[in-house]
Amino acid sequence: MTLIELEALASEKLSINNEESRADFLRLLNVGLFSKVIESLLGNERELNEVASRSYYHNNGFLKVVLIENRPKYSVRFHIWPEESFQAPDVHNHPWDMTGLLLNGSYEWPIYTFNQASESCESFDLFECRYLEDYSGHSFHNLDKVVLNQVDRLSFQEGDIFQFPQTQYHSVKKENSQPAESIVITGESVGLSANVITNRKMMCSSISKNSSVESSFLQDKLSSFLERRLP
């Protein structure tokens, strides 16, 4: 299946973009269709270059391979996580609901709420992350000092399909040295901003553009994934 064929199928399956349609589309991809898409990409230099041009390393440490960019309606991404143990540096929410499928590996999502900071507790900075209209970059804007409260922990294993609402705050933690990859489909965007909670030093108000990856680098990453998936 080519990228163009995948885009046509997504347009059909996500014409009504809700939890059920996203999960159904992921189940369809998981029965061998997704591997065929990756095979096609590896054999099509034009499509590979197109995907590489809009794919980048996210601030939270994973490679975001943007297969279909059709926001604010939806997007289809392939997330490739580091093989080593890691903790994503920022707690955040999203401007969309999302549905995902863990293809390989396992990881956890600590779930958080927050309160306004007090002198007696460790505080973090709360930022608004404003996206450019074409989602090619963003800027950070300081909002407040807050105290984080971890209220839950979600664990995901290979084959799990997860639903995540845009109002919830989470991070990502992986305590193993195994590959981890997921497909994520975004719901319809409710705006052009999300919130980020961190103790990292952030450059505020200036626009940071996404830095695309080289097609040869993406080719290596996709080839490694395919080797693990195909018998």
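One is the number of the first residue; the rest follow in order along the sequence. Just so you know, these numbers use all the heavy atoms, side chains as well, and skip hydrogens, waters and symmetry mates.
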Less than 4.5 Å apart, any side-chain heavy atom of [X] and any of [Y]?
{"X": "Leu42", "Y": "Ser223", "value": "yes"}
{"X": "His92", "Y": "Tyr169", "value": "no"}
{"X": "Phe25", "Y": "Ile185", "value": "yes"}
{"X": "Glu19", "Y": "Asp97", "value": "no"}
{"X": "Leu67", "Y": "Val51", "value": "yes"}
{"X": "Arg27", "Y": "Ile161", "value": "yes"}
{"X": "Met1", "Y": "Phe34", "value": "no"}
{"X": "Ser171", "Y": "Lys173", "value": "no"}

Is the [atom1] atom of [X] crowded by more than 12 outside heavy atoms at less than 6.0 Å?
{"X": "Arg153", "atom1": "CZ", "answer": "no"}
{"X": "Glu84", "atom1": "CD", "answer": "yes"}
{"X": "Glu45", "atom1": "CD", "answer": "no"}

Search all heavy atoms of [X] against all heavy atoms of [Y] and return the closest pair with its distance.
{"X": "Glu122", "Y": "Val147", "answer": "O-CG2, 3.9 Å"}
{"X": "Phe127", "Y": "Cys204", "answer": "CE2-SG, 3.5 Å"}
{"X": "Gly61", "Y": "Pro82", "answer": "O-CG, 3.2 Å"}
{"X": "Gln157", "Y": "Ser106", "answer": "OE1-CB, 3.4 Å"}
{"X": "Ser40", "Y": "Thr2", "answer": "OG-CA, 3.3 Å"}
{"X": "Tyr135", "Y": "Ser189", "answer": "OH-OG, 3.3 Å"}

Just verifying a value: how many Å separate [X] [atom1] and [Y] [atom2], rounded to the nearest 0.5 Å?
{"X": "Phe225", "Y": "Phe78", "atom1": "CZ", "atom2": "CZ", "answer": "4.0 Å"}
{"X": "Lys73", "Y": "Asn17", "atom1": "NZ", "atom2": "CG", "answer": "10.5 Å"}
{"X": "Phe217", "Y": "Ser55", "atom1": "CZ", "atom2": "OG", "answer": "10.5 Å"}
{"X": "Asn70", "Y": "Ser11", "atom1": "CG", "atom2": "OG", "answer": "7.5 Å"}
{"X": "Ile38", "Y": "Leu222", "atom1": "CD1", "atom2": "CG", "answer": "5.0 Å"}
{"X": "Asn195", "Y": "Asn93", "atom1": "CG", "atom2": "CG", "answer": "5.0 Å"}

Would you call the rings of [X] and [Y] parallel, tilted or perpendicular if under 30° counts as parallel and over 60° as perpendicular?
{"X": "Phe156", "Y": "Trp109", "value": "perpendicular"}
{"X": "Tyr131", "Y": "His138", "value": "perpendicular"}
{"X": "Trp81", "Y": "His79", "value": "perpendicular"}

Flag the pair [X] and [Y] as a salt bridge only when some basic side-chain nitrogen lies within less than 4.0 angstrom of an acidic carboxylate oxygen.
{"X": "Arg229", "Y": "Glu227", "answer": "no"}
{"X": "Lys13", "Y": "Asp24", "answer": "no"}
{"X": "Arg22", "Y": "Glu20", "answer": "no"}

Are [Y] and [X] connected into the same hydrophobic cluster when the rule is that any two of I, L, V, M, F, W, Y join if their side-chain heavy atoms are below 4.5 Å apart?
{"X": "Ile68", "Y": "Leu41", "value": "yes"}
{"X": "Leu143", "Y": "Phe124", "value": "yes"}
{"X": "Val37", "Y": "Leu218", "value": "yes"}
{"X": "Leu126", "Y": "Leu192", "value": "no"}
{"X": "Val76", "Y": "Met98", "value": "no"}

Has [X] got a side-chain atom pairing as donor or acceptor with [Y]'s backbone, closer than 3.5 angstrom?
{"X": "Ser75", "Y": "Arg71", "value": "no"}
{"X": "Asp144", "Y": "Val146", "value": "no"}
{"X": "His94", "Y": "Trp96", "value": "no"}
{"X": "Arg54", "Y": "Val66", "value": "yes"}

> Can you list the steps and then say if Asn49 with Ser215 is a side-chain hydrogen bond (donor to acceptor under 3.5 Å, both in side chains)?
Replying inline: CA-CA 5 Å; Asn49 289 338; Ser215 58; 3.1 Å; yes
> Can you check ring pair (Phe, Tyr, Trp, His ring centres under 6.0 Å) on Phe62 and Tyr57, steps first, answer last?
Replying inline: CA-CA 6 Å; Phe62 65 93; Tyr57 265 101; 8.5 Å; no
>> I'd like to know whether Asn104 forms a side-chain hydrogen bond (donor to acceptor under 3.5 Å, both in side chains) with Glu181, so could you lay out the CA-CA distance, the side-chain angles of the two residues, the decisive distance to 0.1 Å, and finally the verdict.
In response: CA-CA 5 Å; Asn104 291 312; Glu181 290 126 346; 2.6 Å; yes
> After noting the C-alpha distance and the side-chain angles of Phe164 and His170, does the key distance pass the ring pair (Phe, Tyr, Trp, His ring centres under 6.0 Å) rule?
Replying inline: CA-CA 10 Å; Phe164 200 69; His170 78 132; 4.5 Å; yes
>> Among Asn59, Thr198, Asn199, which residue satisfies the side-chain hydrogen bond (donor to acceptor under 3.5 Å, both in side chains) criterion with Asp90?
In response: Thr198
> For Thr99 and Gln163, what are the C-alpha separation, side-chain angles and deciding distance, and is it a side-chain hydrogen bond (donor to acceptor under 3.5 Å, both in side chains)?
Replying inline: CA-CA 5 Å; Thr99 304; Gln163 305 280 359; 2.4 Å; yes
> Between Met203 and Ser208, does a side-chain contact (heavy atoms from CB on, under 4.5 Å) hold up when you go through it step by step?
Replying inline: CA-CA 9 Å; Met203 183 71 71; Ser208 297; over 6 Å; no
